[in-house]
Participant: 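Below is one structure. I have some questions about it.
What you see is a predicted model, and the numbers here were worked out from it, not measured in a lab.
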Amino acid sequence: MMEKRSSRGKIDFIERSIYADICSYDGIKAKDIGKHITSDRHTINQYLYKSAFMRELCYRDDGYLWHGMIRQDRPHIGLGDFCGYYGYVKEFLQLSEEEWFAQMMDGCRRIGRNLNDTRGLFHSFRDCRQVMRDLFSDLSETGLSWKDDWEIAFELRINRARYIRIYADVLLITEDKVFSLEFKMKDKIEEEEVEQAAKYTEYLEVVFGPDYDVIPCLVLTRANDLYTYANLPKSTAEIPVASGDMLFNLLDEYLHFLQD
């Protein structure tokens with residue numbers, strides 16, 4: 001199992017709590033945030049105007065109401081504004097490859113994703129799509145099913161300003177889990193890619209809020225029959241590493257399909 005990593009001073013409990021409170025409402029005043037956070041008004045105001053997450057992903061309207069750009073509710077309204085593709089899993093599965101790819105390209109242009117294909121970027125997009133389709137095919141063949149309100153996102157890019165950066169190849173969002181999947185078209189585990197897969201976990205925990213566990217995983221699409229754990233560099237923590245054909249095991253470990 002992956003251990004929780006320390007915040008390394010980047011995000012503290014008050015910041016998480018204020019951000020979660022804002023993103024749980026369709027507009028909330030600063031004075032009302034103070035009713036839910038065990039901190040004084042002066043401290044809360046400092047976070048509202050200086051915290052990276054508040055400056056990057058929240059705004060105050062003319063009525064002095066604070067809003068989050070990504071709601072901490074299902075569906076996660078606003079998340080699609082930062083993704084190449086976002087939707088329910090059932091919608092994703094209904095699209096042909098070319099329909100999905102066209103939507104993906106449009107979304108990537110909208111979020112400012114660099115679409116230079118000199119290193120096979122488009123092939124990697126299609127590779128990710130096929131692995132995820134195969135995953136849900138495996139679930140169906142096993143007689144198991146996912147919920148209609150599961151969400152899936154490709155190419156998350158939160159980098160509006162200089163305060164925070166959050167990237168993910170694929171997010172699979174269930175009732176209370178977010179699987180953050182880092183895809184590599186390789187068959188061997190490399191230390192720097194293990195670290196990359198876990199790099200944004202802490203930030204995703206803030207974005208999705210206290211009701212969600214974020215599970216990072218390195219996916220090696222050129223490997224076969226691989227499901228293991230790899231240690232994070234300079235840490236006692238570890239994360240799952242899976243080949244595309246073994247992603248079912250990741251979901252089963254955390255969602256306990258076979259025990260239902």
Participant: List the residues meeting side-chain contact (heavy atoms from CB on, under 4.5 Å) with Gln94, not counting sequence neighbours, and say none if there are none.
Facilitator: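 Counting only residues at least two positions away or on another chain, Gln94 forms no side-chain contact (heavy atoms from CB on, under 4.5 Å).
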Participant: Quick one: list whatever passes ring pair (Phe, Tyr, Trp, His ring centres under 6.0 Å) with Tyr88, sequence neighbours left out.
Facilitator: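 For Tyr88 there are no ring pair (Phe, Tyr, Trp, His ring centres under 6.0 Å) partners, ignoring immediate neighbours.
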Participant: Is there any ring pair (Phe, Tyr, Trp, His ring centres under 6.0 Å) pair reaching into residues 106-127, and which pairs are they, with sequence neighbours excluded?
Facilitator: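 Output for this query lists Phe101-Phe122.
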Participant: Go through the structure and list residues passing side-chain contact (heavy atoms from CB on, under 4.5 Å) with Leu226, not counting sequence neighbours.
Facilitator: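 Testing Leu226 for side-chain contact (heavy atoms from CB on, under 4.5 Å), a comparison that skips the adjacent residues, returns Leu220, Ala223, Thr228, Val241, Ser243.
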Participant: What residues form a salt bridge (charged side-chain N to carboxylate O under 4.0 Å, His left out) with Asp187, not counting sequence neighbours?
Facilitator: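 Applying salt bridge (charged side-chain N to carboxylate O under 4.0 Å, His left out) to Asp187 gives none.
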Participant: Please list all pairs meeting salt bridge (charged side-chain N to carboxylate O under 4.0 Å, His left out) that have one or both residues in residues 30-49, counting only residues at least two apart or in different chains.
Facilitator: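 Sorted pair list: Asp32-Lys35.
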Participant: Just to verify, what does His36 make a ring pair (Phe, Tyr, Trp, His ring centres under 6.0 Å) with, not counting sequence neighbours?
Facilitator: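 His36 satisfies ring pair (Phe, Tyr, Trp, His ring centres under 6.0 Å) with Tyr25 only.
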Participant: Report yes or no: do Glu253 and Tyr227 form a side-chain donor-acceptor pair below 3.5 Å?
Facilitator: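 Note: Glu253 and Tyr227 side chains meet the donor-acceptor criterion.
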Participant: Using the test ring pair (Phe, Tyr, Trp, His ring centres under 6.0 Å), find all partners of His76 that sit at least two apart in sequence or belong to another chain.
Facilitator: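 For His76 the ring pair (Phe, Tyr, Trp, His ring centres under 6.0 Å) partners, ignoring immediate neighbours, are Phe208, Tyr212.
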Participant: Scan residues 63-72 for pairs that pass side-chain hydrogen bond (donor to acceptor under 3.5 Å, both in side chains), counting only residues two or more places apart or in two chains.
Facilitator: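 side-chain hydrogen bond (donor to acceptor under 3.5 Å, both in side chains) check on residues 63-72 returns Asp61-His67.
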Participant: With Arg133, which residues qualify under side-chain contact (heavy atoms from CB on, under 4.5 Å), at least two apart?
Facilitator: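 Result, side-chain contact (heavy atoms from CB on, under 4.5 Å) vs Arg133: Phe92, Leu93, Arg129, Gln130.
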Participant: Taking only residues two or more places apart in sequence or in another chain, which ones pass salt bridge (charged side-chain N to carboxylate O under 4.0 Å, His left out) with Arg222?
Facilitator: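 With sequence neighbours excluded, Arg222 shows a salt bridge (charged side-chain N to carboxylate O under 4.0 Å, His left out) to Asp127, given in chain and number order.
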Participant: With distance as the sole criterion, is a donor-acceptor pair present between the side chains of Arg60 and Tyr49 under 3.5 Å?
Facilitator: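 Judged by distance alone, the side chains do pair up.
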Participant: Could I get the full list of side-chain contact (heavy atoms from CB on, under 4.5 Å) partners for Ser17, not counting sequence neighbours?
Facilitator: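 side-chain contact (heavy atoms from CB on, under 4.5 Å) check on Ser17 returns Phe13, Ile37.
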